[in-house]
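Following: one structure in structure tokens, then a few remarks.
The structure presented is a predicted model; accordingly, all values stated were derived computationally and were not measured. Quick note on labels: first sequence line is chain A, next is B, and so on, each numbered from 1.
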2 protein chains.
Amino acid sequence: MSARVTAAEVARAAGVSRSAVSRTFTPGSSVSTSTRNRIEAVAARLGYRPNALARTLITRRSRIIGVVMAAIDNPFHAQLLQCLDAALQARGLAMLLRGAARPEMTDELIHHLLSYQVDGVIVASGLFSSSAAKACVGVATPVVMLDRLMRAAGASAVGSDNRAGARMAAEHLVALGRRRIAFMSGTPGISTSSERAHGFLDGLAEAGLAPIAIASGRYEYAAGQGAAEALLAHAPDAIFCENDLMAMAVLDVARARGVRVPDDLAVIGFDDIPAAALPAYALTTVAQDARAMADAAAALLEERIEKPARRASRRLIACTLVRRRSA
Amino acid sequence: MSARVTAAEVARAAGVSRSAVSRTFTPGSSVSTSTRNRIEAVAARLGYRPNALARTLITRRSRIIGVVMAAIDNPFHAQLLQCLDAALQARGLAMLLRGAARPEMTDELIHHLLSYQVDGVIVASGLFSSSAAKACVGVATPVVMLDRLMRAAGASAVGSDNRAGARMAAEHLVALGRRRIAFMSGTPGISTSSERAHGFLDGLAEAGLAPIAIASGRYEYAAGQGAAEALLAHAPDAIFCENDLMAMAVLDVARARGVRVPDDLAVIGFDDIPAAALPAYALTTVAQDARAMADAAAALLEERIEKPARRASRRLIACTLVRRRSA
DNA sequence: CAAGCGGATGCACACGTGTGCAAGAAACGC
DNA sequence: GCGTTTCTTGCACACGTGTGCATCCGCTTG
């Protein structure tokens with residue numbers, strides 16, 4: 001009663017060979033409908049389900065996808081994770097999740113995932129060592145970098161069009177007539193941060209402008225408060241932040257100082273997390289399409305699993321400017 | 001180069017038997033230090049790691065924990081998930097995550113997890129069918145209900161002390177001199193909701209009071225707005241909400257109507273999600289200790305995995321009242 | 001030096017499954 | 001009726017690992 005039931009027991013109970021049971025649960029195999037029905041009935045009665053791990057041993061396909069994600073409590077990441085879950089489930093894939101607290105332990109982390117014979121890896125974490133990428137290539141396991149482009153050896157990548165999105169923010173501020181524009185960047189060394197920076201600076205430069213001040217808020221609310229203080233000291237009439245959490249920090253700090261938004265100060269964020277839509281913030285922001293990103297990541301990975309010969313590819317998801325009251 | 005290296009290849013390269021390799025990677029096995037060193041060197045050079053799935057087949061321990069969670073984008077759930085990840089990693093356990101969009105598919109969901117031979121299951125989702133619980137008992141797989149108590153067959157449970165927490169909220173409002181108190185409940189049929197309701201009503205009853213109005217906000221911000229409108233129509237001087245998202249909805253609706261908080265209206269939430277601390281809300285709330293809950297869930301599960309004879313147990317985590325400006 | 005002993009090592013089996021191959025059965029065309 | 005094709009079924013091997021058992025080696029002890 002407390003033992004897991006195996007295919008052999010089903011076979012014995014149904015009076016057939018174990019192969020017949022195996023074929024019943026393997027789509028596309030040759031079994032007569034009469035025996036298949038009998039076997040399925042017996043299997044249901046005994047509560048049999050094939051052991052996915054034993055199956056992996058012989059098929060060399062685990063149907064498990066390793067997912068590495070940092071800062072799950074970041075609202076956008078949580079959203080991304082939920083969409084990822086849906087996209088993988090739709091494809092019948094299981095998700096082995098590992099948070100990445102320390103970036104320096106990605107090596108141990110990726111080897112741990114590989115020991116579970118994952119069919120592919122989706123990395124939505126910050127820093128991903130190139131030795132870890134090499135380890136995946138070594139065992140022919142496709143990798144998709146999600147929201148973190150990286151020109152690493154043979155890894156596919158899915159991300160928002162951060163450059164175009166940030167450029168839209170710059171153009172919007174310029175169109176509003178703002179001239180004393182400040183800029184709050186995210187975590188240095190992360191690709192999204194430098195891409196958004198480039199796009200934003202390009203957008204400003206096109207209007208003959210440059211930021212009057214720059215500070216880093218490390219993509220967090222708390223660090224964003226300090227950076228906001230620093231930027232507001234330069235009396236800007238607009239601030240673009242590389243994510244919404246930092247933009248919310250700017251709004252709160254500005255409010256505390258009596259700076260009126262958007263009259264005295266326009267603020268634009270990035271991500272469009274649920275909190276950005278709250279009436280207390282009504283944040284104008286560059287929206288990322290989490291569902292499209294997750295779907296693309298799953299699709300790219302599945303394709304490379306099916307056809308390992310395929311080269312790694314890159315996929316950009318468009319951003320849209322969501323206008324609310326902060327700009 | 002693109003093939004996974006096996007213990008047999010390491011053995012051949014090191015000039016030993018495959019058993020020696022296996023023992024090298026099995027703590028507590030008898031191998032001389034000299035051969036262990038040689039094998040470890042060869043293994044490192046070849047990039048060998050034991051196949052965790054093949055190992056599971058013989059040890060009957062996968063070191064995988066199945067986690068079922070609904071509404072990952074709910075900030076408190078995201079926090080819980082992150083703590084859960086840390087707690088499992090600390091114990092060397094892997095996490096197989098499945099979101100539960102529809103409650104009616106928990107059966108298929110749990111069978112899917114079981115087919116991966118998970119050593120245990122943590123359920124942080126809403127409704128968990130008793131037939132699913134029965135399936136776990138059938139294969140001797142321990143289950144821990146997290147944040148969702150359930151008197152199901154042999155499932156352990158970890159949750160906040162919702163009754164005591166909600167009672168504290170009631171007592172606080174009474175101590176503030178509020179008398180026209182309204183109540184916004186969460187999702188009907190979920191244990192946390194009824195527990196908080198009972199604790200809150202008990203706390204009011206002790207002061208000879210009862211809610212002047214009740215509405216359900218289904219634990220969501222959007223539904224909370226509608227419920228807030230309904231409650232405010234009764235002109236209450238305080239509202240207790242069963243989670244923070246709904247309390248934020250109340251604050252926003254009240255603000256839009258010109259109701260002053262906390263002068264005209266005191267608001268208390270539940271969870272203490274990060275957004276509750278934002279200056280725009282400064283929400284007084286009953287804090288749940290996500291880290292303690294996750295640790296307890298992992299500990300309880302690990303204990304039952306080690307000692308299957310142990311009976312299922314229950315564990316309550318204390319809540320604390322966090323006083324901010326909304327009450 | 002002989003007997004004894006403990007630790008290291010290899011052999012072989014087991015875990016639960018998918019699948020190629022050959023054999024058998026059934027259906028079909030002439 | 002017989003040869004031929006198509007479909008079904010069982011046998012046996014393979015996947016990569018842990019571990020009991022027997023063997024062997026080297027060292028200690030009397």
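At dG18(C), none of the side-chain N or O atoms of T59(A) fall inside 4.0 Å of OP1 or OP2 (strictly under the cut-off).
The minimum heavy-atom distance between A298(A) and A87(A), with the atom names listed, is CB-CB, 3.9 Å.
Using a cutoff of 4.0 Å between basic side-chain nitrogens and carboxylate oxygens, E108(B) and R49(A) are scored as salt-bridged.
Between Q117(A) and T56(A), the side chains place no donor N or O within less than 3.5 Å of an acceptor N or O (distance only, hydrogens not considered).
Counting only heavy atoms from C-beta outward, the side chains of V123(A) and T106(A) never approach each other to under 4.5 Å. Annotation: side chain of L114(A) is in contact with side chain of R4(B) (closest heavy-atom distance under 4.5 Å). Side-chain contact check for T6(A) versus E9(A): some heavy-atom pair is nearer than 4.5 Å.
If you check residues 36-57 of chain A against DNA chain D, the residues with a heavy atom closer than 4.0 Å are L57(A), listed by number.
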Are any protein N/O atoms closer than 3.5 Å to N/O atoms in nucleotides 7-14 of chain D? If there are, list each pair with its distance.
{"residue": "dT8(D)", "atom": "OP2", "partner": "S30(A)", "partner atom": "OG", "Å": "3.2"}
{"residue": "dT9(D)", "atom": "OP1", "partner": "S32(A)", "partner atom": "OG", "Å": "3.3"}
{"residue": "dT9(D)", "atom": "OP2", "partner": "S32(A)", "partner atom": "N", "Å": "3.2"}
{"residue": "dT9(D)", "atom": "OP2", "partner": "T35(A)", "partner atom": "OG1", "Å": "3.3"}
{"residue": "dG10(D)", "atom": "OP2", "partner": "S17(A)", "partner atom": "N", "Å": "3.1"}
{"residue": "dG10(D)", "atom": "OP2", "partner": "S17(A)", "partner atom": "OG", "Å": "3.0"}
{"residue": "dG10(D)", "atom": "N7", "partner": "R23(A)", "partner atom": "NH2", "Å": "2.9"}
{"residue": "dG10(D)", "atom": "O6", "partner": "R23(A)", "partner atom": "NH2", "Å": "2.8"}
{"residue": "dC11(D)", "atom": "N4", "partner": "S19(A)", "partner atom": "OG", "Å": "2.8"}

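Within the nucleic acid shown, S22(B) comes within 4.0 Å of at least one base atom, counting heavy atoms only.
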Could you list the donor-acceptor pairs under 3.5 angstrom formed by side chains in residues 24-32 of chain A, with sequence neighbours left out?
{"residue": "T24(A)", "atom": "OG1", "partner": "A20(A)", "partner atom": "O", "Å": "2.8"}
{"residue": "T26(A)", "atom": "OG1", "partner": "S22(A)", "partner atom": "O", "Å": "2.8"}
{"residue": "S29(A)", "atom": "OG", "partner": "T26(A)", "partner atom": "O", "Å": "3.4"}
{"residue": "S32(A)", "atom": "OG", "partner": "S34(A)", "partner atom": "OG", "Å": "3.3"}
{"residue": "S32(A)", "atom": "OG", "partner": "T35(A)", "partner atom": "N", "Å": "3.3"}
{"residue": "S32(A)", "atom": "OG", "partner": "T35(A)", "partner atom": "OG1", "Å": "3.0"}

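Separating the CZ atom of R60(B) from the P atom of dT19(D) is a distance of 12 Å, rounded to the nearest angstrom. Straight-line distance from the CZ atom of R4(A) to the C1' atom of dT17(C): 15 Å, rounded to whole Å. Taking atom CZ of R61(A) as the reference point, atom C1' of dT19(C) lies 16 Å away to the nearest angstrom.
The neighbour count for R291(B) CZ, taken as heavy atoms of other residues, nucleotides or ligands under 6.0 Å away, does not exceed 12.
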